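What follows is one structure encoded as structure tokens, with my remarks underneath.
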Amino acid sequence: MSTPPFYACDYSAQIGEQLFATAPRAEHWLLLEYPRPWSGKAYEDSSIPPNVKSQIDGVLAQMPHSRLQMIAQGSRESLTDLTLYVIRAAWERQHIRRITLPTYEALLDLPLADIAAGRAEMGVPVAEPLYIVCTNGKRDVCCARHGLPIYNALRAAGAQAWQCNHIGGHRLAGTLVAFPHGVYYGRVTADDVPALLAAVGNGEMLLERVRGRACLEAVGQAA
């Protein structure tokens, strides 16, 4: 008799692991489109030019509590006209700016830290909520099993949603982050999407699925 597969997300739910206070700390975000298949180490194994990766790494090192996420809305061969979101999701101030890159090399000319801090107003300001859903099954199959239905439901509802690589906490899949406030959610299902959109649209949170607001340390998220 074959042994049934073990899924960390199922086990986490079975033992009742808490959701709150599990969001990784982050205030500044770079969401960079990479419309090709991802490995378990999506950024490291990507074909983004080394000099661009070096620039990104340097910018992240300059900004405390910052992170990069790869995003996509499908696969395509061309690596042109790429979307980049630069987001500040601090406690007292939030903004989202969208920039279209003709190629990855165009990122080399952008003052990303200044855009994130609000010192440079480049790109197009985004007013509506933005969602990234972890679907990186090569990192953990739970993320693909649970993330793809959520992503599809968000898109079907007209939400501004992207698939993304690992955001932390695959055992709590399906996981997503809602911007501009940088709120992490876990154990979300496609059935939760209408209530999630309604809550975020009203400036609230879907409390039963909240993991935490990423700009806070764990103790603040718990509080």
Side-chain angles (χ1 to χ4, degrees), residues 4-29 31 38 40 42 65-71 85 87-92 94 96 129-157 159-223:
F6 173 82
Y7 297 113
C9 54
D10 292 345
Y11 180 70
S12 173
Q14 288 168 8
I15 65 173
E17 183 182 8
Q18 71 180 32
L19 283 176
F20 66 86
T22 61
R25 182 83 187 275
E27 291 187 11
H28 301 98
W29 300 70
L31 312 183
W38 300 327
H65 309 303
S66 60
R67 65 184 294 147
L68 168 77
Q69 295 294 153
M70 310 285 271
I71 59 172
Y85 291 99
I87 301 174
R88 180 172 182 175
W91 178 259
E92 75 288 350
Q94 307 85 39
I96 305 172
L130 172 67
Y131 303 87
I132 58 172
V133 185
C134 182
T135 61
N136 193 3
K138 291 292 182 66
R139 180 68 179 260
D140 190 283
V141 69
C142 288
C143 297
R145 286 176 64 219
H146 296 282
L148 280 169
I150 300 166
Y151 168 75
N152 290 332
L154 285 166
R155 294 283 289 172
Q160 187 173 199
W162 294 76
Q163 299 181 54
C164 73
N165 66 321
H166 189 58
I167 57 175
H170 57 266
R171 71 193 186 282
L172 304 174
T175 61
L176 62 88
V177 185
F179 297 103
H181 294 96
V183 178
Y184 268 74
Y185 291 90
R187 297 200 189 106
V188 179
T189 69
D191 290 340
D192 292 321
V193 166
L196 173 69
L197 294 177
V200 175
N202 290 328
E204 301 171 350
M205 294 183 289
L206 186 63
L207 291 176
E208 61 267 29
R209 297 285 185 258
V210 168
R211 294 178 55 191
R213 190 167 168 185
C215 65
L216 299 174
E217 298 284 0
V219 64
Q221 295 176 24

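Every value quoted in this text rests on a predicted model; they were computed, and no experiment measured them.
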Mind checking the [atom1]-[atom2] spacing from [X] to [Y]? Nearest 0.5 Å is all I need.
X: Leu19; Y: Leu172; atom1: CG; atom2: CG; result: 5.5 Å
X: Ile167; Y: Leu176; atom1: CD1; atom2: CG; result: 6.5 Å
X: Ile87; Y: Gln94; atom1: CD1; atom2: CD; result: 11.0 Å
X: Gln18; Y: Ile15; atom1: CD; atom2: CD1; result: 11.0 Å

Among residues at least two apart in sequence or on other chains, which ones pass side chain to side chain contact (heavy atoms under 4.5 Å, CB included) with [X]?
X: Arg155; result: Gln73, Tyr151, Ala161
X: Pro149; result: Ala190
X: Leu197; result: Tyr131, Leu154, Ala157, Ala159, Val193

Partner residues of [X] under the side chain to side chain donor-acceptor pair (under 3.5 Å) criterion, sequence neighbours left out:
X: Gln160; value: Tyr85, Glu128
X: Gln14; value: none
X: Asn165; value: Gln69

Quiz prompt | Qualifying salt bridge (Lys or Arg N to Asp or Glu O under 4.0 Å) pairs, either residue in residues 167-193, two or more places apart | solution =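 Every pair satisfying salt bridge (Lys or Arg N to Asp or Glu O under 4.0 Å) with a residue in residues 167-193: Glu17-Arg171, Asp192-Arg209.
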
Quiz item: Does the pair Val200 and Val183 meet the rule for a side-chain contact (heavy atoms from CB on, under 4.5 Å), with working shown?
Solution: CA-CA 10 Å; Val200 175; Val183 178; over 6 Å; no

Do the non-hydrogen side-chain atoms of [X] and [Y] ever get within less than 4.5 Å of each other?
X: Ile150; Y: Leu196; result: no
X: Thr175; Y: Arg211; result: yes
X: His146; Y: Val188; result: no

Where [X] and [Y] come nearest, the two heavy atoms and their spacing:
X: Trp162; Y: Leu130; answer: CD1-CD1, 3.7 Å
X: Ala173; Y: Cys142; answer: CB-O, 3.7 Å
X: Asn136; Y: Ala42; answer: ND2-CB, 4.4 Å
X: Ala214; Y: Pro24; answer: CB-O, 3.4 Å

Please list every donor-acceptor pair under 3.5 Å in which a side-chain atom of residues 215-223 meets a protein atom from a residue at least two apart or in another chain.
{"residue": "Glu217", "atom": "OE2", "partner": "Arg25", "partner atom": "NH1", "Å": "2.7"}
{"residue": "Gln221", "atom": "OE1", "partner": "Thr22", "partner atom": "N", "Å": "3.4"}
{"residue": "Gln221", "atom": "OE1", "partner": "Ala23", "partner atom": "N", "Å": "3.1"}
{"residue": "Gln221", "atom": "NE2", "partner": "Ala23", "partner atom": "O", "Å": "3.0"}
{"residue": "Gln221", "atom": "NE2", "partner": "Leu216", "partner atom": "O", "Å": "2.9"}

Self-check item: salt bridge (charged side-chain N to carboxylate O under 4.0 Å, His left out) partners for Glu92, two or more places apart
Solution: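 Expected list: Arg88.
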
Practice problem: Can you run down the ring-ring contact (aromatic ring centres under 6.0 Å, His included) pairs that involve residues 169-213, sequence neighbours left out, and say none if there aren't any? | Solution: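 As it turns out, the ring-ring contact (aromatic ring centres under 6.0 Å, His included) pairs with a partner in residues 169-213, which skip direct neighbours, are Trp29-Phe179, His166-His170.
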
Quiz item: Between Arg213 and Ala90, is there a donor-acceptor pair closer than 3.5 Å when you use the side chain of the first and the backbone of the second?
Solution: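 Side chain of Arg213 to backbone of Ala90: a pair is present.
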
